[in-house]
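Letters A, B, ... are given to chains in the order of the sequence lines, protein chains preceding strands, and every chain is numbered from 1. These values consider heavy atoms only, across backbone and side chains, with no hydrogens, waters or symmetry-generated copies.
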Amino acid sequence: MPRNVRIKDHYGEQRLFLQRVLALGGVLTLAVAVLIGRLMWLQVARYDYYFDLSQGNRIRNEPLPPNRGFIFDRNGAVFGRNTPSFQLELTREQVPDLDQTLVNLARLNLVDREEIPALKKDIRSRRPFDPVPVKLQLSEEELARFAVRQQDFPGVEIRWRMARVYPLGASAMHAIGYVSAISVDDQKNLDLDAYEGTTLIGKSGVERAFENELHGVKGYQQLLVNAQGRNVERAGLSLPDLKRQDPVAGDDLYLSIDQRVQQAAEEMLRGRRAAAVAIDPNNGDVLALVSTPGFDPNLFSRGISRQEYQKLRDDPDVPLYNRSLLGTYPSGSTIKPFMALAALQYGVLTAQDTPFCGGTFRLPGVSRPWRDFRPEGHGYMDMRRAIEQSCDVYFYRVADLLGIDRIHDLLDQFGFGKAIGLDIGGEKSGVLPSTEWKAKSFRSTEQQRWYPGDTISVGIGQGYLTVTPFQLAHATSVIAMRGKSFKPRLVRAIRNSATGKVRDIPAVELPTVTLKDASYWRVVIEGMTMVTKGEHGTARGSSATAQYVIAGKTGTAQAVGVSQYENIKAVTKTLEERKRDHGWFVAFAPVEQPRIAVAVIVENGGQGGSAAAPVARRIFDAYLLTPEALAEQDRLGKSPGIAMTATGSGE
Amino acid sequence: MSLDDLTRTRTQRTLSLTGQLLSALRLDGALLTALCVTAAAGLAMIYSASGGSGALLRAQAIKFLLALAAMLALAQAPRRLIRISAPWLYLIGLLLLLIVMAKGHTAMGAQRWLNLGFMRFQPSELMKIATPLACAWYLHDKPLPPRWLDVIVLALAIIVPTVLIAEQPDLGTALLVAAAGGMVLLLAGLRIRYLIIGAVLGVAAAVIAWFYLLHGYQRQRVLTFLDPQSDPRGSGYHIIQSTIAIGSGGAFGKGYMNGSQAQLEFLPERSTDFIFAVIGEEWGLIGLLAILAMYAFIVGRGLYIALAAQDTFARLAAGSLSLTFATYVLVNAGMVAGLLPVVGVPLPLISYGGTSMVTLMAGFGILMALNARRRLVGK
């Protein structure tokens, strides 16, 4: 039974075991050596690198958005300021499920369900680590509603921010503009780093044009954060040295607008579709820039809802539209003083010439006559009386004698047909027609030709000529200053919020309109004075009683054919009302030492003398009289209101 | 008689009293001291890693005391009893693994433990000790080095529990069980040619495992280990954050409870599998070397006991337990330092957790029970 039994060799086994222990011990030692080598590589050789990484892990630079600069009127009344408020901000990379989070927020009524797609697009367009505001200016009730559910919303935080407030609401809002949440489009031209932490950006008016001045410089605060990105007080036992750099608030702006004047105009125009512009002819300060109806800019700064926005957008009275700069209307008779200046300049008529007005004007070879608004005519008119009574036939003749290109050359110097250069921009240029203009603007050769008949209606501010209220106010200020003029401006001084120093923006003079004889100015101004003072003055009713002398000119512009509402779904029943003429009035005062020039248009308001002139009068009173004197005048019932009918002879 | 003499005498007396007590309890004083010092350091680190949580500290202290009791109890077991019960322990462990697997299948998910009512019991932990003991038992009366038939039997005895555990899935424990059994084979004098054959088969098994056995997340762990930056917010996050923690500790560390990676929770699993990185961040290279030195001492002491053993079973079992412990340390440190893929292996005696602590201390209890030298000197 040779079973192969090997004898256990205890001594040999012990030796074998020792060998194996030594061998395995050697392998282990080698492994430990590799491990220690690795540790030395990490902790000694690459220490700086890893230390920086751990610093970057724990320190977060929290942006401190700057306070936006305030906006004051010329006397320090506040148009725009900031107020602390709470808002909801969402950081995409910390949100586990964006869709669900937004739906849950909608369930809490904190975002509008319909706005979720737009909100999502906005959030997706941001950098994933930047917090995106989803709900601005939380009310206390909303704050509480969210706070109790906060743990269900990782990545959504309540943040304390400065919100923009417009304490005067809609007043001057078209000039001041508004701020609103930074949109996808805004981001394209934005230094995202400088706007980190900033919610709002200027969207129109001064807020937009002076965004750079108002915004300020971002600061930062180093925060100790844990792996979840939450701010913590300390890391274990250590309190790290955290740096902070304070933000620099944006500059404050002092506007040229006089809130009293602005408000006086707004009160007079309440409920109308209208615009008014008042300019200080001595330096180009815009004293009032009115466009009604307006809207409350606070809607935008607190985050406008879809419905609210649609309501504004679809309103047939187009409150979003700044009529004072963008509204292009036929000038109507307000162009006549300028036509008179052209007539004198080019010597086609003297001030003393008295052509006859028989109620119609005819061109040879044209069967249809041009009619005066007064069918029986005005009789023999010299230039001053033609302005006073707004004789159409006189100015048909002037236009005919001048020809369109000479009209163009003179009116061009007053700023018609182009942007004058308001500091907030956004001006429409209107149309100052010329043969060249017509050739460029039409396609067929037939249309490109300028016909003599085209010139005639331009003489009374109809035809191709269109102007904005802003252009007319500026042109009127040029007459007031006998040719001198300044670039209009809305911002007259900037206060550096860091140093407190106020820097005045110097007035920029525009090229002076020089006439062959300076006495031509006197002729036209005398004519314009007769408009308010003369026996037959078209604005006599509202302006004659003023405590200073006003020089003005009424105008009536045909509304039919004006296409600005074409894209608006106007309700049919208001169509009749909208066919009424627009009432214009341009004026300056006091006539010898002009301090203010205005242009007022009341859409579909009928004649300028009754619709617009009282508004101008009120603007003058607000600016030229002391508040006490104005109150006294009101008490005595000597302040003409917009409801009063003009007693002048009409146009 | 000077005061000095008196003091010395008293010290000597105290020492000899302690010695007598230890030997009465069949404990190895040096090993016990090293274990307690390491566990105490672990408690301190758990306190720091948990951001100063007294609750976690107390829980771990209790677990350590339980583990100490287990060690004490096992140290009393007669060597013969340990040897005789080894195969039964192994079979029971295997049976329990199968039960767990069956339960896991019915529960449609991973399951590693059995609920005994008063505690959760992981059969895989039992296998960490039972496998090497069973291997040592199998070889104890055979001439060494083992013949090829014995090698095949042992290889099967090792592979079966390893695969069962890997399928739980618990790759870390599976590797340790395999390592523990493998150590017995190596210590028994496995011939180099078998080793080479084994290595070839091992590579083949690894390839097969990669395509057929490993779970998706396990594969991902290996891939992430090869390139942590490929997924810095997902699976690579652990390795990136732990290398940052270790590296930023520098030579001397950021100071106790001052490690920003750990304290601000950038480091995941900082009280458990990644506590090695916390030590590296707060105590620096010095701290890590000190801990490694402690471990080296424990392993060395264990091997010393193994070398002094009088029979094959004790020799192989004690040697395997000591070397497995070293593997434990190296796998954890290697994974935290970014040298090895992330497998769930805790740092022995230091990481938070009761199961591995009890298993380890039980192993050391057996080691002490096998300590022939102590008994000879003590009695």
Q: Could you look at B:F252 and say if it's the side chain, the backbone, both or neither that has a heavy atom under 4.5 Å from chain A?
A: neither
Q. In terms of heavy-atom proximity below 4.5 Å to chain A, should B:D311 be classed as side chain, backbone, both, or neither?
A. neither
**Q.** Heavy-atom closest contact (A:L16 atom, B:G189 atom, distance)
**A.** CD2-CA, 3.6 Å
Q) Tell me, side chain or backbone of B:I244 under 4.5 Å from chain A's heavy atoms, or both, or neither? A) both
Solution key, residues 313-324 of chain B side-chain donor-acceptor pairs under 3.5 Å, sequence neighbours excluded:
from: B:S320; atom 1: OG; to: B:A180; atom 2: O; distance (Å): 2.9
from: B:S322; atom 1: OG; to: B:A318; atom 2: O; distance (Å): 2.9
from: B:T324; atom 1: OG1; to: B:S320; atom 2: O; distance (Å): 2.6

Q) Is the CZ atom of A:R244 crowded by more than 12 outside heavy atoms at less than 6.0 Å? A) yes
Q) Using non-hydrogen atoms only, which part of B:A262 is less than 4.5 Å away from chain A: side chain, backbone, both, or neither? A) neither
**Q.** Side chain, backbone, both or neither of B:L292 within contact of chain A (heavy atoms, under 4.5 Å)
**A.** side chain
Q: Enter the distance from A:E13:CD to B:K142:NZ here, rounded to the nearest 0.5 Å.
A: 12.0 Å
Q. At their closest point, which heavy atom of A:L18 faces which heavy atom of B:L307, and how far apart are they?
A. CD1-CD2, 3.5 Å
Q: Check whether any side-chain heavy atom of A:S54 lies under 4.5 Å from a side-chain heavy atom of B:K254, and answer yes or no.
A: yes
Q. What part of B:L267 lies closer than 4.5 angstrom to a heavy atom of chain A: side chain, backbone, both or neither?
A. neither
**Q.** chain A contact via B:S48 - side chain, backbone, both or neither, heavy atoms under 4.5 Å
**A.** neither
Q | Approximate separation, where rounding is to 0.5 Å, of B:E281 CD and A:Y50 OH | A | 13.5 Å
Q | Residues of residues 20-32 of chain A within contact distance of chain B, non-hydrogen under 4.5 Å | A | A:R20, A:V21, A:L24, A:L28, A:A31, A:V32
Q: With chain B as the partner chain, list the residues of residues 107-122 of chain A whose heavy atoms fall under 4.5 Å from it, by residue number, and write 'none' if nothing qualifies.
A: none
Q.
With chain B as the partner, which of A:L53, A:I36, A:L35, A:V34 has the greatest number of non-hydrogen pairs under 4.5 Å?
A. A:L35
Q | Residues of residues 38-47 of chain A near chain B, each having a heavy atom less than 4.5 Å away | A | A:R38, A:L39, A:M40, A:L42, A:Q43, A:V44, A:Y47
Q | Interface moiety of A:Q14 toward chain B, non-hydrogen atoms closer than 4.5 Å | A | both
Q | Engaged part of B:L187 at the chain A interface, taking heavy atoms whose separation is under 4.5 Å | A | both
Q: Starting at CD of A:Q55, measure out to OG of B:S260 and round the result to the nearest 0.5 Å.
A: 6.5 Å
